[in-house]
Amino acid sequence: MSITVDNKSETIKKAIKDLPYFAIDSLMPIERNKNYLRVLIYRYSKRGTIEQLKKGIYVSKEYLEKINRTNAINEYSEFIGTVIYKPSYISLEYVLDKNGILTESINALTLVCDKKTNKIYNFIGAYKYYKVKDDLFTGFKIIKKSNFMIAEATLAKALFDYLYLRKYILNTKKQFEELRLNLDNFSKNDYREFEKYVKLEKTKKMKEIYRYLIEAK
C-alpha cells in the first residue's frame with residue numbers, strides 16, 4: 001500500500017474517533033472515492049476498529065471506549081435510537097419504566113416514529129419503533145444528556161402513545177386495570193396534557209380510555 005493511501009486511512013481513522021456515528025457520506029469531504037471508503041469500512045469492521053449500528057451507519061471502537069469511560073452509554077444508546085431510524089422520539093414503555101409507571105420489566109428501547117413500525121438490533125441492544133399518525137407525532141422535547149441531544153416524549157405523551165397503540169384491545173375497564181399502571185407519579189398537569197392528545201386524536205375509543213385513566217387515580 002502506498003504512503004498516500006496509508007495517510008488517507010490514518011486521516012479517516014482520526015476523523016471517526018470523535019464521531020458518535022458516521023456513514024460513508026460523512027467521510028466524503030476527506031475522500032471522494034466511495035469504492036475506497038467501502039473497502040476501508042469493510043476492513044475496519046473485520047478488524048473490530050468500528051461497530052455497525054445499522055446497515056450503513058457505524059461508530060468507532062475508540063469512541064465507544066470514551067463513552068464507556070465517561071459512563072454515558074445509556075445516554076448514547078438513547079441518542080442512537082433516535083438517529084438510526086428518523087424521525088423518531090423515545091416514548092412508550094421505556095419512558096414509562098423510567099418514571100415508575102410500569103410494573104413489568106422491559107427488554108428494549110421503545111420509540112415512536114412516523115414511518116412504518118420497525119425493529120433494529122445491534123451490539124447495544126434492541127430498538128423498537130411504532131408508527132403513529134402524523135398529527136400525533138408530537139409531545140416530545142429535545143433534551144441534552146451527556147452532550148447528546150435526545151428527542152424524548154413527556155410522561156403524559158409516553159402514556160398516551162402506550163395506550164393509543166393498545167386502544168383496540170382495551171375494550172373494558174377491567175382490561176385497562178390489568179395493565180397494572182402505577183399512576184402515583186402522574187400529576188394533574190400530566191392528566192391535562194394527556195387529555196389534550198385525546199382531543200387531538202378525536203376517537204371515542206381514546207375518550208373512553210381516558211375515562212378509565214381518570215377513574216384509576
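Numbers here simply count residues along the sequence, with the first being 1.
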I'd like to know whether Glu195 forms a salt bridge (charged side-chain N to carboxylate O under 4.0 Å, His left out) with Arg211, so could you lay out the CA-CA distance, the side-chain angles of the two residues, the decisive distance to 0.1 Å, and finally the verdict. CA-CA 10 Å; Glu195 185 180 17; Arg211 189 175 74 250; over 6 Å; no
Decide whether [X] and [Y] meet the rule of one side-chain donor and one side-chain acceptor closer than 3.5 Å.
| X | Y | result |
| --- | --- | --- |
| Lys8 | Asn33 | no |
| Tyr127 | Ser77 | yes |
| Asn182 | Thr103 | no |
| Tyr44 | Ser9 | yes |
| Glu208 | Tyr212 | yes |

Is it the case that over 12 heavy atoms from other parts of the model lie below 6.0 angstrom from the [atom1] atom of [X]?
| X | atom1 | value |
| --- | --- | --- |
| Glu178 | CD | yes |
| Lys174 | NZ | no |
| Tyr168 | OH | no |
| Lys66 | NZ | yes |
| Lys133 | NZ | yes |

Inter-residue atom distance [X].[atom1] - [Y].[atom2], 0.5 Å rounding:
| X | Y | atom1 | atom2 | result |
| --- | --- | --- | --- | --- |
| Leu179 | Leu159 | CG | CG | 9.0 Å |
| Ile101 | Arg180 | CD1 | CZ | 14.0 Å |
| Tyr58 | Ile24 | OH | CD1 | 6.0 Å |
| Leu165 | Thr117 | CG | OG1 | 7.5 Å |

For a salt bridge (Lys or Arg N to Asp or Glu O under 4.0 Å) with Glu201, tell me which candidate from Lys207, Lys167, Lys196 qualifies. Lys167
I want to check something: taking the side chain as every heavy atom from C-beta on, are [X] and [Y] in contact at a cut-off of under 4.5 Å?
| X | Y | answer |
| --- | --- | --- |
| Asn99 | Phe186 | no |
| Phe160 | Val198 | yes |
| Thr154 | Glu193 | yes |

Check whether Tyr129 forms a cation-pi arrangement with Lys119 (NZ or CZ under 6.0 Å from the six-membered ring centre, at most 45° off the ring normal). no
Do [Y] and [X] have ring centroids that are under 6.0 Å from one another?
| X | Y | value |
| --- | --- | --- |
| Phe137 | Tyr89 | yes |
| Tyr76 | Tyr63 | yes |
| Phe194 | Tyr210 | yes |

I'd like to know if Lys144 pairs up with Glu78 as an ion pair, taking the criterion as any Lys NZ or Arg NE/NH1/NH2 lying under 4.0 Å from an Asp or Glu carboxylate oxygen. no
Can a salt bridge be assigned to the pair Glu51 and Lys61 using a cut-off of 4.0 Å between side-chain N and carboxylate O? no
